[in-house]
Amino acid sequence: MANLRNIYDSRRIWKVVFLAISLVLVALFLYISNNLVKDLAEQERERMEIWANATRELATLGSGSEVDDNGNPIIGSATDVDFLLSIIEANHNIPVLLVDDKDNILDHRNFRLPDPVDNPFELSKANLEYLDKKLRHLKNSENKIDINIDKTTTQYLYYEDSTLLRRLSYFPYIQLAVLILFFAIAYFALTSIKRAEQNKVWVGLSKETAHQLGTPISSLMAWTQLLDSMGIDKSIVTDMDKDVKRLSTIADRFSKIGSMPDKELVSINEAVTSSLEYMRARIPKRVSLYIHTNDQTNNGVMLSQTLFAWVMENLTKNAVDAMDGEGRLDITVEDSPNNVVILVKDTGKGIARKNFKNVFNPGFTTKKRGWGLGLTLVKRIIEEYHNGQIYIKESEVGKGTTFGIELPKVKSES
């Protein structure tokens, strides 16, 4: 029992560690990607500032606004002009708008105009409307550089992020989605592998148990026949025979784990009643057991009666343990459009809501003694072998618990 609890705890720790590592890796990749985008944006800003300075210098050189010590205007050399023009012409990928202080467009570059023309200074009506719309949009952004030509003249440079930067800005989100998908696939793959391994161990253990029980059960059957022939008290032999048959039933149940059992059409009322006959005589007298059935819910279901009886015995035993051998246990069969519903209600200790899902995990138990496998087995039998569903319908600590089982009805042919 302690080993199973340790395995259960280690699985939870493993999941937490895996999730923590995944989050750290995702955060690291996002940090790197965001820094890359940020660095590229800063580089584009620097390029635009160089472009703005070149525009300023070119305007200054062309206007002769700068003067020497004698008051004569300084006119830039052809080399200076060519150099500044080369800086401006070098921008081939960043969309740029140059406007004056009245928002008149002085220059534009690298925009995909709706009406392309060879001369950038000849703007058609469609192109002018397009650039005006871009200007209004860019005014609300931070991509703006003031160009002070002289004390009375100011121009403004607006620019958009380059195509490369825009694509890279989406990259962190794409990367995040890919990483989440990758870790989700890895997590579910590892979980599936672990579950498959656990199922193999579970099936192997069950079948080996059934096999090991087979020989002593056969021997005990022979001994009861021998004792009966020797004239031993009939009541003693009968009680021994009941116990031997009980062991045989348990072995048969274990042998059916791991393979789809044979099922037959049975009345749900009869199945519930007969499955509890064994437990009725073995529960404490201070536990009142009530079975509620009626003709309206006497629907046919496909069942392996051996395994279904195991389910009802497990739930009954758990309920008796939860009530410490004193209380009321109600088992009710109800009807729904497509299923029959079996409710097992006790007046025991109840289950905290946080453990509603954990109770079906292997190794989980609130008892000092126990393996924590009973409800795991019940869930497997109901859901995997009978296409049904088992769940905690309601529970309140200190007042009791109600388990619900839903089994598909066999629809009658009209």
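We number each residue from 1, following the sequence as shown. Quick note: numbers below take in every heavy atom, side chains included, and nothing from hydrogens, waters or symmetry partners.
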Worksheet item: Do you know which two heavy atoms are closest between T347 and R328, and how far apart they sit?
Response: OG1-N, 3.0 Å
Worksheet item: For K409 and V301, which heavy atoms make the closest approach, and how far apart are they?
Response: CA-CG1, 4.3 Å
Discussion item. What's the separation between atom CG in L377 and atom CG in L307, rounded to the nearest 0.5 Å?
Written reply: 8.0 Å
Response to the item:
Separation between CG (N338) and CD (E406), nearest 0.5 Å, reads 10.0 Å
Worksheet item: In Å and rounded to the nearest 0.5 Å, what is the CD1 to CD distance from I405 to E383?
Response: 10.5 Å
Worksheet item: Is there side-chain contact between I105 and L128, with at least one heavy-atom pair below 4.5 Å?
Response: yes
Worksheet item: Any sub-3.5 Å donor-acceptor pair from T154's side-chain atoms to D101's backbone N or O?
Response: no
Practice prompt. Using the six-membered ring wherever Trp is involved, compare the ring planes of Y290 and H292 and label them parallel, tilted or perpendicular (cut-offs 30° and 60°).
Written response: parallel
Worksheet entry | Shortest non-hydrogen contact from I94 toward E160 | CG2-O, 3.2 Å
Worksheet item: Ignoring hydrogens and geometry, is there a side-chain-to-backbone donor-acceptor pair from T273 to E270 under 3.5 Å?
Response: no
Discussion item. Keeping D100 on the side-chain end and N104 on the backbone end, is there a donor-acceptor pair under 3.5 Å?
Written reply: yes
Worksheet entry | Other residues, nucleotides, ligands: >12 heavy atoms within 6.0 Å of K379 NZ | yes
Discussion item. Run L220 and M240 through side chain to side chain contact (heavy atoms under 4.5 Å, CB included) and show every step you take.
Written reply: CA-CA 9 Å; L220 287 171; M240 289 183 63; 5.6 Å; no
Item to complete: Evaluate the side chain to side chain contact (heavy atoms under 4.5 Å, CB included) criterion for residues M312 and V344: first the C-alpha distance (whole Å), next the side-chain angles of each, then the deciding distance (0.1 Å), finally the verdict.
Response: CA-CA 9 Å; M312 297 307 298; V344 181; 4.2 Å; yes
Discussion item. Assess whether a salt bridge exists between R136 and D132, defined as any Lys/Arg side-chain N lying under 4.0 Å from an Asp/Glu carboxylate O.
Written reply: no
Worksheet item: Roughly how far, to the nearest 0.5 Å, is OG of S275 from CG of L315?
Response: 9.5 Å
Fill in: Side-chain touch Y158/K134, heavy atoms, less than 4.5 angstrom
no
Item to complete: May I ask you to test the I382-Q389 pair for a side-chain heavy-atom distance under 4.5 Å?
Response: no
Discussion item. Tell me whether the count of non-hydrogen atoms from other residues, nucleotides or ligands lying under 6.0 Å of CZ in R112 goes above 12.
Written reply: no
Fill in: 4.5 Å side-chain heavy-atom contact, K263 and L303
no
Discussion item. What I'd like to find out is whether the side chain of D321 reaches to under 4.5 Å of the side chain of K317, using heavy atoms alone.
Written reply: yes
Worksheet item: So do the side chains of F308 and I268 get within less than 4.5 Å of each other, counting heavy atoms only?
Response: yes
Worksheet entry | Value rounded to 0.5 Å, distance of NE2 in H108 from CG in L98 | 11.0 Å
Worksheet item: At their closest point, which heavy atom of G388 faces which heavy atom of P408, and how far apart are they?
Response: CA-CD, 4.3 Å
Fill in: Closest non-hydrogen atom pair between L329 and A319, with its separation
CD1-CB, 3.7 Å
Item to complete: In sequence, state the C-alpha distance, the side-chain angles, and the governing distance for N110 and Y159, and then conclude on side chain to side chain contact (heavy atoms under 4.5 Å, CB included).
Response: CA-CA 10 Å; N110 304 321; Y159 67 96; over 6 Å; no
Item to complete: For S395 and I351, indicate whether the former's side chain and the latter's backbone hold a donor-acceptor pair under 3.5 Å.
Response: yes
Item to complete: Please test I331 against T316 for side chain to side chain contact (heavy atoms under 4.5 Å, CB included), starting from the C-alpha separation and ending with a verdict.
Response: CA-CA 9 Å; I331 297 176; T316 302; 4.2 Å; yes
Worksheet item: Between CG of L375 and CD1 of I392, what distance do you get to the nearest 0.5 Å?
Response: 8.0 Å
Practice prompt. Taking all heavy atoms of F360 and all of F403, pick out the closest pair and write down the distance.
Written response: CZ-CE2, 4.0 Å
Worksheet item: Any side-chain heavy-atom pair from V320 and M279 closer than 4.5 angstrom?
Response: no
Worksheet item: Taking C-beta and beyond as the side chain, do S304 and H386 meet within less than 4.5 Å on heavy atoms?
Response: yes
Item to complete: Return yes if some donor-acceptor pair links the side-chain N/O of D346 with the main-chain N/O of T401 below 3.5 Å, else return no.
Response: yes
